There are 2 protein chains.
Amino acid sequence: MPASDTKERILDSAEELFAEHGYDATSLRAVTAAAEVNLAAVNYHFGSKQGLYRAVFERRVDPLNRERLRMMDVAESEAGPEGVIPLRRILEAFFGPPLRMSARGDDGWSRFLQIVGRMNSTSGEHVHALRQVFHQIEERFFPAIAAALPHLRPADLIWRMHFLIGSMCTLFADPKRITIVSDGLCDSEDPEESVAQLVAFAEGALQGPIAEAEVDVAAEEEVR
Amino acid sequence: MPASDTKERILDSAEELFAEHGYDATSLRAVTAAAEVNLAAVNYHFGSKQGLYRAVFERRVDPLNRERLRMMDVAESEAGPEGVIPLRRILEAFFGPPLRMSARGDDGWSRFLQIVGRMNSTSGEHVHALRQVFHQIEERFFPAIAAALPHLRPADLIWRMHFLIGSMCTLFADPKRITIVSDGLCDSEDPEESVAQLVAFAEGALQGPIAEAEVDVAAEEEVR
DNA sequence: GTCTATAGACTGATAGAC
DNA sequence: GTCTATCAGTCTATAGAC
């Protein structure tokens with residue numbers, strides 16, 4: 001606010017339009033019109049359309065990561081003497097921050113996560129950027145989950161985390177959809193319901209049966 | 001092939017480019033250049049870019065749905081006297097056909113599913129089209145899964161199916177990613193491994209603990 | 001059915017005045 | 001920092017010859 005908030009206004013409009021229409025379908029003219037600033041301001045402040053996209057992304061990703069790591073710090077300090085954090089606490093620290101940030105007032109967070117959800121379903125260069133940015137999260141959470149689930153082979157854990165990230169990103173990409181398809185029975189606007197459902201889902205998925213290719217199905221049925 | 005395969009060539013190229021770059025980033029010029037046909041042929045055969053997109057989609061969706069329903073017919077005919085199909089059979093019928101089609105030779109299927117995966121992370125009109133097209137699948141599979149899991153409340157089932165579709169679509173959208181991030185430990189090119197992993201994941205997720213908002217966490221820890 | 005040519009509009013980016 | 005004006009290229013779609 002000292003001289004001008006042009007930069008922030010551009011970021012806000014870009015966040016909204018990138019979230020709603022995607023990167024390619026959003027023109028800089030649409031962004032600057034929505035922000036009520038001059039077209040040339042984008043290139044002055046961000047260099048290019050890609051630069052703007054990156055800036056939109058970087059504004060939110062650090063606070064999100066920090067909150068996740070903070071919750072892990074708390075969980076770790078309360079862990080037993082062996083240092084193993086209970087699975088549910090880890091999952092709360094992973095899923096809780098984004099879902100709560102998304103549902104609490106500020107629409108910007110929800111739009112940012114929508115962009116993340118879109119990126120997750122994109123192959124190519126965007127995915128590489130995503131991985132880099134969430135690398136510290138992976139480094140902290142994967143070993144903790146592995147420690148909480150010692151019976152899982154490394155490959156099983158990677159498959160399951162990949163699937164769980166997909167579940168989460170689907171919720172990010174279009175939070176309203178589940179409310180619509182369920183006729184209001186499921187309420188994604190309530191962050192605690194979303195978190196509880198996703199954590200329970202993840203707990204079951206991670207602790208469930210272990211995949212065995214070419215398994216003798218008949219024999220397995222008997223065991224159950 | 002009687003007179004010309006122009007239409008098919010356009011569909012093939014469009015499928016590839018829509019899958020790789022998305023709808024908005026794919027120009028009709030790129031499509032017709034790749035297909036080695038004239039630009040105007042697209043409008044002649046498909047009316048518009050949207051018409052082409054729809055045609056790409058409709059070419060594959062029916063065979064996929066038929067195979068899923070066929071596997072359900074088989075499972076149903078082998079079900080016990082109460083008519084309840086075992087959960088694993090239902091999940092095999094749901095996840096097996098797309099993953100096997102995707103991995104068996106024909107790259108077209110894999111590209112088609114990549115488009116489906118992209119659409120799943122898009123809000124707006126595309127999602128509405130998706131639901132319509134997979135409506136008969138939903139109508140057949142959801143009640144069967146509900147019957148196999150009588151302890152689940154309707155809302156729980158919807159949440160979980162929503163999450164599972166997200167897991168599946170992440171695999172569709174970028175099948176190679178898990179192979180890359182796992183350094184080859186997970187092989188998504190092997191359809192039986194993918195199916196086994198996704199089915200095991202889904203089984204655990206569907207049969208896992210039931211979410212309760214505002215639960216007494218301390219008391220729950222004791223039970224475990 | 002296939003082609004050329006083009007209409008009419010939109011795109012990201014930039015030069016240069018203020 | 002903000003503005004106007006514009007470049008050079010792209011886009012979808014179509015009219016009309018063959």
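Just so we're on the same page: letters track the sequence lines, and every chain starts at 1. What you are looking at is a predicted structure, and each value in this text was computed from that prediction instead of being measured.
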Subject >> Exercise: do A/Asp156 and B/Gln197 side chains pair donor with acceptor under 3.5 Å >> reply: yes
Subject >> Shortest side-chain distance from B/Tyr44, nucleotide among C/dT2, D/dG1, C/dG12 >> reply: C/dT2
Original post:
Please give, in whole Å, the distance from C/dT2 C1' to B/Asn43 CG?
Top reply: 13 Å
**OP:** Check step by step if side-chain contact (heavy atoms from CB on, under 4.5 Å) holds for B/Leu28 and B/Asn43.
**Re:** CA-CA 10 Å; B/Leu28 294 181; B/Asn43 279 60; 4.2 Å; yes
**OP:** Using atom NZ of A/Lys49 as one end and atom P of C/dT11 as the other, report the distance to the nearest whole Å.
**Re:** 9 Å
Original post:
Does A/Ala173 offer a backbone N or O that forms a donor-acceptor pair with the side chain of B/Ser121 under 3.5 Å?
Top reply: no
Subject >> d(CD1, A/Ile10; P, D/dT2) in whole Å >> reply: 8 Å
Subject >> Between C/dT11 (P) and A/His21 (NE2): distance, integer Å >> reply: 12 Å
Original post:
Just how far, in rounded Å, is C1' of C/dT2 from CZ of B/Arg9?
Top reply: 14 Å
Original post:
Is the shortest side-chain N/O distance from B/Thr6 to OP1 or OP2 of C/dT2 below 4.0 Å?
Top reply: yes
Subject >> Distance in angstrom units between A/Phe46 CZ and C/dG12 P, rounded >> reply: 15 Å
Subject >> Salt bridge flag under 4.0 Å for residues A/Asp12 and A/Arg111 >> reply: no
Subject >> Carboxylate-amine/guanidinium contact B/Arg140 B/Asp73, below 4.0 Å >> reply: yes
**OP:** Under 4.0 Å from any atom of DNA chain D, heavy atoms only: list the residues of residues 26-41 of chain A that qualify, in numerical order.
**Re:** A/Arg29, A/Asn38, A/Ala40
Original post:
Any salt bridge between B/Arg100 and B/Glu67, counting N to O under 4.0 Å?
Top reply: no
